[in-house]
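Remember, it's 1-based here, ligands and their atoms both numbered in the order they're listed. Worth saying up front: this structure is predicted, and the values here are computed from it rather than measured.
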Amino acid sequence: MSYREIAENPEAAVKKLASGDKLIASRIISLIEQNDSCIPRVMAYVEKCLGKAHVVGFAGVPGVGKSTLIGQVIGEYRSRGKRVGVLCIDPSSPVSGGAVLGDRIRMQQYAVDDSVFVRSFASRSALGGISRATIDSIKVLDACGYDVILIEGVGAGQLDVKPLEFSHTGVVVLSPVSGDLVQMIKAGLVELGHVVVVNKADDPNADLMVMYVEEAIRMRPTRSLWEPKVIKTIATEGVGVKELVDLIEEHRQFLVENNLMGECLERMRRFEVHELVMHNLVSMFENEYAHNPEVKEILDEVGRGEISVHRAVEAITDILLNRIRHR
Ligand SMILES: Nc1nc2c(ncn2[C@@H]2O[C@H](COP(=O)(O)OP(=O)(O)OP(=O)(O)O)[C@@H](O)[C@H]2O)c(=O)[nH]1
Ligand SMILES: [Mg+2]
């Protein structure tokens, strides 16, 4: 089906998608990225075919080895006969922009494998690293019958936890050299990560890091039914990858046995609504801020030092709230 045919007949397109057609998944995701006007209609059908995929989010600071690890995890899942979708949220910052190309090259070997789907997204316009496009694409891959969907989040600057909130299973990736354990604890990642990976275990400090993480897990303030698991890997050599996938599967099994898959879905839906409402509000306010003549006047006054910054903030906030209320 061509792009036009998808737009003209979304029901037929989604029927084809649900039969496992990779090409149509790819086309729908391109339409999503372009924010095509047919997308709300297409998504309405997609949403009727959801709930089968296991979504696994990977979070960790840049360079910790997420892409390398995901590359290995794809291989392990393929050897278990699973269809795997991968969505990488690219850092849009020019600093880490080089990694994007690396990700694509590393995962390119799967381009011809019909059972593996890999796509990168720009995180520009993203809400904390997970954009509307990513969320919709997860749904498209679910509807297309991918058993597992791996999401690589950006970790630019600080740890990004959003991919974990939109996952059934959260994998937090650390390295013995990154010294980011404090950051991880601060971000509450021990809570969010169901599996904590200490990658780059070829480093002699790996065992120490594992000890620290296990200690952090023991000390965590809130208890949950699932005790986070810690594992060492050497992604570049594939060491520990089978065990990692075993743990991810163990967590999925735990969710199924405790009837928690539905709860996850509910959490993800709530999270999605929250993200979109915030996105709408921020764009509304930003638009008003940028174009409102009264705001401009106050900014000029504060610039000239005629009124205080605090006064300006109050006045502008009032103006924006009023304008939005009376739209
Ligand atoms: N020594 C060692 N190097 C590794 C290991 N895993 C990954 N690397 C290397 O670490 C570098 C970064 O790996 P990536 O997989 O790109 O890391 P990433 O977390 O995806 O990075 P960003 O996408 O930029 O956030 C690459 O040069 C990898 O070859 C490992 O287990 N041991
Ligand atoms: Mg990467």
Taking atom types as modelled, find out whether [X] and [Y] have a side-chain donor-acceptor pair closer than 3.5 angstrom.
X      : Y      : value
Glu8   : Tyr3   : no
Asn199 : Thr233 : yes
His251 : Thr169 : yes

The test is side chain to side chain donor-acceptor pair (under 3.5 Å); show your working for Tyr77 and Glu249 and say whether it passes. CA-CA 10 Å; Tyr77 268 118; Glu249 284 301 298; 2.8 Å; yes

For ligand 1, indicate whether the residue Glu237 contacts it via side chain, backbone, both or neither (heavy-atom separation under 4.0 Å).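 It is neither; nothing of Glu237 touches ligand 1.
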
Check whether any N or O atom of [X], backbone or side chain, sits under 3.5 Å from an N or O atom of ligand 1, and answer yes or no.
X      : answer
Gly63  : yes
Val64  : yes
Lys200 : yes
Leu69  : no

Which class fits the ring pair Phe254 and Trp226: parallel under 30°, tilted 30 to 60°, perpendicular over 60°?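 If you compare the ring of Phe254 with that of Trp226, the planes turn out tilted.
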
Proximity flag Gly60 to ligand 1, non-hydrogen atoms under 4.0 Å: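 Per 4.0 Å heavy-atom rule, Gly60 does not contact ligand 1.
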
Find all atoms of ligand 1 within a distance of less than 4.0 Å from any non-hydrogen atom belonging to Thr68, and give their numbers and elements.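 Within the 4.0 Å cut-off of Thr68, ligand 1 contributes 7 (C), 13 (O), 14 (P), 15 (O), 28 (C).
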
For the Mg ion (ligand 2), decide whether Ser67 has an N, O or S atom at a distance under 2.8 Å.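 So Ser67 counts as coordinating the Mg ion (ligand 2), yes.
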
Got a sec, which residues hit salt bridge (charged side-chain N to carboxylate O under 4.0 Å, His left out) with Arg27, two or more places apart in sequence or on another chain?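 Arg27 satisfies salt bridge (charged side-chain N to carboxylate O under 4.0 Å, His left out) with no other residue.
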
Looking at Glu152, the N, O or S atom sitting nearest the Mg ion (ligand 2) is OE2

Evaluating non-hydrogen atoms only, which member of Thr233, Ile70, Val173, Asp202 is closest to atom 1 (N) of ligand 1?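 Closest candidate by heavy-atom distance is Asp202.
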
Quick one: side chains of residues 311-325, donor-acceptor pairs under 3.5 Å with protein atoms, not counting sequence neighbours, listed by atom name and distance.
{"residue": "Thr317", "atom": "OG1", "partner": "Val313", "partner atom": "O", "Å": "2.6"}
{"residue": "Arg323", "atom": "NE", "partner": "Glu288", "partner atom": "OE2", "Å": "3.0"}

